[in-house]
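Remember, it's 1-based here, ligands and their atoms both numbered in the order they're listed. The model shown is predicted, which means the values in this text are computed figures rather than measured ones.
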Amino acid sequence: MNSLIRYQVEDGLALITLARPPVNALGQTLRAAVLDACQRAASDASVRAIILHGDGKLFSAGADISEFGSAASFAAPSLPDLLSRLTQLDKPLIAALSGLALGGGLELALACGYRIGEPSLRLGLPEISLGLLPGAGGTQRLPRLIGVAPALDMMISGLPIDANRALELGLLDRLAASADTLVEAARAFALDLLGDLAPARPQTPFAEPAASVAEDFFQQYRQTHEPRWKNRLAPRLVLAAVEAACVLPLQAGLERELALFKQAEDSAQSAALRHLFFAEREAGRIPGIAEDIALRPVARVAVIGAGTMGGGIAMNFANAGIPVVVLEQKSEALERGLANVRRNYESSVSRGKLNAEQLEQRMQLLVGTLDYADIADADLVIEAVFEKLEIKQQVFRTLDEVCKPGAILASNTSSLDVDAIAAVTRRPQDVIGLHFFSPANVMRLLEVVRARETAPDVLATTLRLAKRIGKVAVVSGVCFGFIGNRMLEPYNREAHRLVLEGATPARVDGVLTDLGLNMGALTMTDLAGIDVNFLVRDSNRSAFADDASYYRVGDALYSLGRYGQKTGRGFYLYEGRQRRDDDEVVALAERLASELQVERRLIGDAEIHDRCLFMLINEGIQLLDEGIALRAGDIDLVWTNGYGFPAWVGGPLHYAEQLGLDKVLDGIHRYRDSLGTYGQRWFQPAPLLERLVAAGKTRIEKI
Ligand code: T1G
């Protein structure tokens, strides 16, 4: 038996153990080993039943994602074929499920006649997060086992269910007392089945899955859910596959599923999502820092500032079971901040995301203080005070006095110079930037800003901690705006300038949301606050002093007190959650254009798309060239996790590769040459983009 499988027979029971670290991914080698082991057990007359289980902490994380898009994905035995053959075995095949059974791993369990789990087990079909659908029988077998509605929910949400829910649904037949006793319990289960002369495969409860739902179920389901799917392909393919399960016999349904799966696997959307899957895992790897570097312990955290950001940041740690002290200067600010945190948790309870007991547990972990002495023993201190360098520097002088040696001192600044903050301490090697995105307890992105003197173990410790609190951490160097906000500048600039030149805010935003962004640039500006934008711009105005037209619309709205959603008027008018176009903004743009002698004209969607997106892409490539960002995938993670860029488009740089780097460069040249002094000033291609195109490269990397 090969090293990927362990095989042993005892008391007439064959125990087959999947042993392909780290996650028993069902790549071709493991598929062949499973088939070989099952055929061996089937042909061994002494074997009366077969148990399949996973070595290590999980059963299987599913198909091997690295095979998709290559011949290996369906190399014999393909996963669908393997599972179909397992369903033909004439001996009871029991899946003993520990830890996780995801995707093809759950489909493998579905191909077994029986399933036993353990209390910490989670089972899911997360294929949709990769732009795929279950492609090894899941869309056909699961509805026949648990009914259409719960099966569809698992596939469309991509979220795992726990062992109790699986038992309730009939996805599990039994639950062992613990992971340690799972194999013994599976043996007992097998002997019971044999004692009862149970069939190798019992009848499925929903042999006709259509009978488990109302006649108009799929029509209702589409009406309810399709609007949220935007232009995503995978949810629609999942729905088509489950509909097939309701109208076709199993074999025909499996063939239909296979055709739909291949359509998904070949799609650009799936390629984009698979790119992000691996990018997220790559982001934690820092050249020059060994993966096994000793980390600093982080058992206690302190947050300075109980405002919206400070409170949200603190919640991340309480959610992960890490005690956190929040320090404020005044008791009313502290009380207000802690009350906000409690209110956030209470809304999670009302949405069923948390129960009352968990709320109290988390509030126990999150305490407030007015005294710096109470944070002296914190292992990590995160400053989240007003975004002014002098104020932050004062806080860090105090931290330098108060905190124990070796404590990591982090600033949550969104754009300020972390080197200048570190410089006021006697321990710059312990200083780092941890830029959380608002709301800090919700947004997954965390920009980890590596200052010039940040110690390697400090960086490695914060990256590991970020994963522990469920963040997507991306390392950035120190520059104005780091990665995300630095790229936001030129993207916003074009959006503002296009309004000056004749496009309406709604048209500019419409082109961007048509691409799949959660919201357009101007709606996002109204949400973040035109006043906030103005202050950030004002602190950096020298960067574009020679082109006053750049943000004149934003400046003018600011001077009119139109700060965006918070004042009910910005680029749009807001009545409650309703957003309406405002002719006054167009009139304002007309006046400014005439004053600045900017020619107004009809602007097409393609120009809006190209100018906003190509400038976003260009800045990202420049960041790579400057070494602020380590890799293109990191930049894509920033924009898909922090700025609402559609993950199924893969991020701005993956998108540029799909468009063609030469097309992006040509577009930049076109606007450089056609927009007069404005074009000459702003549409300068990043030198790295020119080098990549000149070298005939199709992937974005530092050369
Ligand atoms: N295939 C290949 N590699 C995988 C993998 C997979 N399915 N899952 C994880 N890895 C690698 C990962 O790249 C990393 O590698 C290492 O394992 C540890 O992962 C036909 C079509 C299981 C919850 O979507 O959700 O089945 O960076 O860092 O935080 O219908 O991995 O160390 O070299 O994430 O403990 C469906 C994806 C596939 C599950 C563990 N399955 N994986 O999280 O470790 S499609 C999934 C996860 C499919 C069938 C369909 C997580 C995890 P490296 P990690 P973790």
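Given atom 28 (O) of ligand 1, the protein heavy atom at minimum distance is K467 NZ, 3.2 Å. In terms of protein heavy-atom proximity, atom 37 (C) of ligand 1 is nearest to F277 CE1, 3.6 Å. The protein heavy atom nearest to atom 13 (O) of ligand 1 is R281 CD, 3.4 Å. Looking only at protein heavy atoms, the nearest one to atom 3 (N) of ligand 1 is D64 OD1, 4.4 Å. Looking only at protein heavy atoms, the nearest one to atom 4 (C) of ligand 1 is V23 CG2, 3.9 Å. The protein atom (non-hydrogen) at minimum distance from atom 39 (C) of ligand 1 is A61 O, 3.5 Å. In this structure, atom 16 (C) of ligand 1 lies nearest to the protein heavy atom P22 CG, 3.7 Å. Among protein heavy atoms, the minimum distance from atom 53 (P) of ligand 1 is reached at R285 NH2, 3.2 Å.
Checked by distance only, ligand 1 and E107 come closer than 3.5 Å through their nitrogen or oxygen atoms. Residue-to-ligand polar distances keep S66 apart from ligand 1: every N/O pair is separated by 3.5 Å or more. Geometrically, ligand 1 and F68 share no nitrogen or oxygen pair separated by less than 3.5 Å. Residue G104 places at least one N or O, backbone or side chain, under 3.5 Å from an N or O of ligand 1. The shortest N or O to N or O distance between L79 and ligand 1 is not below 3.5 Å.
Counting only distance, with no hydrogens or angles, the side chain of S84 and the backbone of D81 share no donor-acceptor pair below 3.5 Å. At distances below 3.5 Å, at least one donor-acceptor pair connects side-chain atoms of E107 with backbone N or O atoms of A136. For Q358 (side chain) and N355 (main-chain N/O), a donor-acceptor pair under 3.5 Å exists by modelled atom type. Using a distance-only test at 3.5 Å, with no hydrogens or angles considered, a donor-acceptor pair links the side chain of E118 to the main chain of G99. Proximity of a side-chain donor or acceptor of N316 to a complementary backbone N or O of A440 within less than 3.5 Å is detected. Under the 3.5 Å distance criterion, the side-chain polar atoms of R296 are left unmatched by any main-chain donor or acceptor of I408.
Residues E280 and R444 are paired through a salt bridge, judged by an N-O separation under 4.0 Å between the basic side chain and the carboxylate. A salt bridge between R20 and D55 is absent, with no side-chain N of the basic residue lying under 4.0 Å from a carboxylate O of the acidic one. With respect to the salt-bridge test (charged N to carboxylate O, under 4.0 angstrom), the residues E226 and R236 qualify.
Taking the six-membered ring for Trp and the full ring otherwise, the centers of F437 and H435 sit less than 6.0 Å from each other.
Atom numbering of ligand 1 starts at 1 in the shown order; those under 4.0 Å from a heavy atom of F261 are 21 (C). In summary, the atoms of ligand 1 found under 4.0 Å from a heavy atom of A63, numbered by their order in the structure, are 1 (N), 6 (C), 7 (N), 20 (C), 26 (O), 38 (C), 48 (C).
Contacts of L130 with ligand 1, taken as heavy-atom pairs under 4.0 Å, involve the side chain alone.
Under the 4.0 angstrom criterion, atom 49 (C) of ligand 1 counts as having a protein heavy-atom contact.
In the displayed structure, K230 atom NZ is contacted under 6.0 Å by more than 12 heavy atoms of other residues, nucleotides or ligands.
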